[in-house]
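Here the structure is laid out as structure tokens; the discussion comes afterwards.
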Amino acid sequence: MNDLHPDLARVVVSTDQIQSRVKELADQISTDFADRETLYIIGILKGAFIFLADLTRHLRVPHNVDFMALSSYGKTTSSGAVRILMDLREPVEGQHLIIVEDIVDTGRTLDYLYRVLKGRKPASLHSCVLIRKQRDNLNIPIDYLGFDIPDVWVVGYGLDFADKHRTLPYIAELKRE
Ligand code: PRP
């Protein structure tokens, strides 16, 4: 691509690749949940808002949408504690939940969400993640996965660097400097 922003090194997942994979994920979820009651889609802010908007518009099953916002302390430290900044508006006991995340990096956020949401006694709990960074020690189950990518810093399609580049339609690697 000739018009890449100077902060960016290369496109990692193109707009066309994202759009066709998001449609496939929505089709798979629609098939798997065809005979269930209303799905409860939980988007994790901020990063998931674009993926969630595209994914849910392809769903062919009834669904509600709600959001959580989380904060993680010290991603580079061993503590990596996660806390809830904004919670769901309603109890989810007995609901079929799907967590929608833009990216799994260390896996701590998704692991925390599984524990918190399981504790609320849903009928089922699944995850739909667009991007997983390939790391040796990452062993967290993901039910619906868009793409595996190398362990590089990426931006676009919801992902940011200091809140920049979130609304790019593709996912690109950030230059190191
Ligand atoms: C990103 C992403 C996930 C989390 C994944 O959020 O949206 O929620 O990091 O990282 P982990 O697997 O190492 O836990 P971030 O903290 O950057 O916040 P943002 O979505 O508001 O930008």
Side-chain angles (χ1 to χ4, degrees), residues 5 7-9 11-15 17-19 21-22 25-26 29 39-57 63 65-89 92 97-120 122 125-176:
H5 188 283
D7 291 354
L8 308 178
V11 173
V12 177
V13 191
S14 72
T15 306
Q17 287 175 308
I18 292 171
Q19 290 305 324
R21 188 74 187 118
V22 169
L25 291 170
I29 292 170
L39 264 180
Y40 210 100
I41 307 288
I42 300 175
I44 309 306
L45 298 173
K46 298 179 187 178
F49 78 107
I50 293 177
F51 177 37
L52 182 142
D54 285 346
L55 183 81
T56 51
R57 286 180 291 176
H63 56 276
V65 172
D66 202 351
F67 295 93
M68 293 177 80
L70 303 176
S71 152
S72 58
Y73 285 117
K75 282 202 160 177
T76 53
T77 69
S78 56
S79 90
V82 179
R83 75 186 169 100
I84 297 174
L85 295 178
M86 187 190 88
D87 208 340
L88 300 171
R89 291 198 184 184
V92 288
L97 311 183
I98 299 190
I99 300 164
V100 173
E101 265 284 28
D102 51 345
I103 192 164
V104 165
D105 183 354
T106 64
R108 285 185 188 128
T109 305
L110 190 57
D111 180 65
Y112 175 82
L113 282 165
Y114 280 149
R115 282 187 280 116
V116 166
L117 293 172
K118 265 182 197 157
R120 298 183 186 183
L125 177 60
H126 293 84
S127 59
C128 180
V129 175
L130 186 67
I131 298 288
R132 174 173 61 190
K133 278 196 195 175
Q134 284 175 319
R135 287 168 168 267
D136 291 342
N137 55 356
L138 184 64
N139 187 26
I140 189 156
I142 296 172
D143 300 294
Y144 303 95
L145 175 65
F147 302 94
D148 272 314
I149 65 161
D151 186 7
V152 293
W153 193 294
V154 284
V155 293
Y157 204 71
L159 296 157
D160 72 305
F161 175 70
D163 260 320
K164 283 176 70 183
H165 306 303
R166 256 192 221 285
T167 55
L168 291 171
Y170 48 82
I171 290 171
E173 180 180 351
L174 203 64
K175 285 183 184 164
R176 282 179 183 270

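One-based numbering, in listed order, for ligands and for the atoms of each.
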Check: With a cut-off of 4.0 Å, which atoms of ligand 1 are near a heavy atom of T106?
Finding: 11 (P), 12 (O), 13 (O), 14 (O)
Item checked: Spatial distance of atom CG (L55) from atom CD1 (I50) [nearest 0.5 Å] -> 13.5 Å
Next item on the list: Look only at interatomic distance and state if G107 has a nitrogen or oxygen under 3.5 Å from any nitrogen or oxygen of ligand 1.
Entry: yes
Item checked: Nearest-0.5 Å distance, CG of residue L159 to CD1 of residue I103 -> 5.0 Å
Item checked: salt bridge (charged side-chain N to carboxylate O under 4.0 Å, His left out) partners of D66, counting only residues at least two apart -> none
Note to self: For the OG atom of S71 and the CD1 atom of I84, what is their distance to the nearest 0.5 Å?
What the structure shows: 11.0 Å
Notebook entry, point to check: For residues 131-153, which residue pairs qualify under ring-ring contact (aromatic ring centres under 6.0 Å, His included), counting only residues two or more places apart or in two chains?
Noted result: W153-F161
Notebook entry, point to check: Any N or O on L110 sitting closer than 3.5 Å to an N or O of ligand 1?
Noted result: no
Notebook entry, point to check: How does R166 reach ligand 1, if at all, at less than 4.0 Å between non-hydrogen atoms: by side chain, backbone, both, or neither?
Noted result: side chain
Item checked: Where ligand 1 meets E101 - atom numbers and elements under 4.0 angstrom, heavy-atom basis -> 2 (C), 3 (C), 7 (O), 8 (O)
Check: Knowing that exactly one of T109, V116, D111 qualifies, which makes a side-chain contact (heavy atoms from CB on, under 4.5 Å) with L113?
Finding: T109
Next item on the list: Measure the distances from the heavy atoms of K133 to every atom of ligand 1 and state whether one is below 4.0 angstrom.
Entry: no
Margin query: With heavy-atom distances below 4.0 Å as the criterion, list the atoms of ligand 1 near T109.
Written below: 4 (C), 5 (C), 8 (O), 10 (O), 11 (P), 14 (O)
Check: Where do E101 and A48 come nearest, in terms of heavy atoms and distance?
Finding: CA-CB, 4.2 Å
Margin query: Heavy-atom distances under 4.0 Å decide this one: backbone, side chain, both or neither, for D160 against ligand 1?
Written below: side chain
Margin query: With heavy-atom distances below 4.0 Å as the criterion, list the atoms of ligand 1 near D102.
Written below: 2 (C), 7 (O)
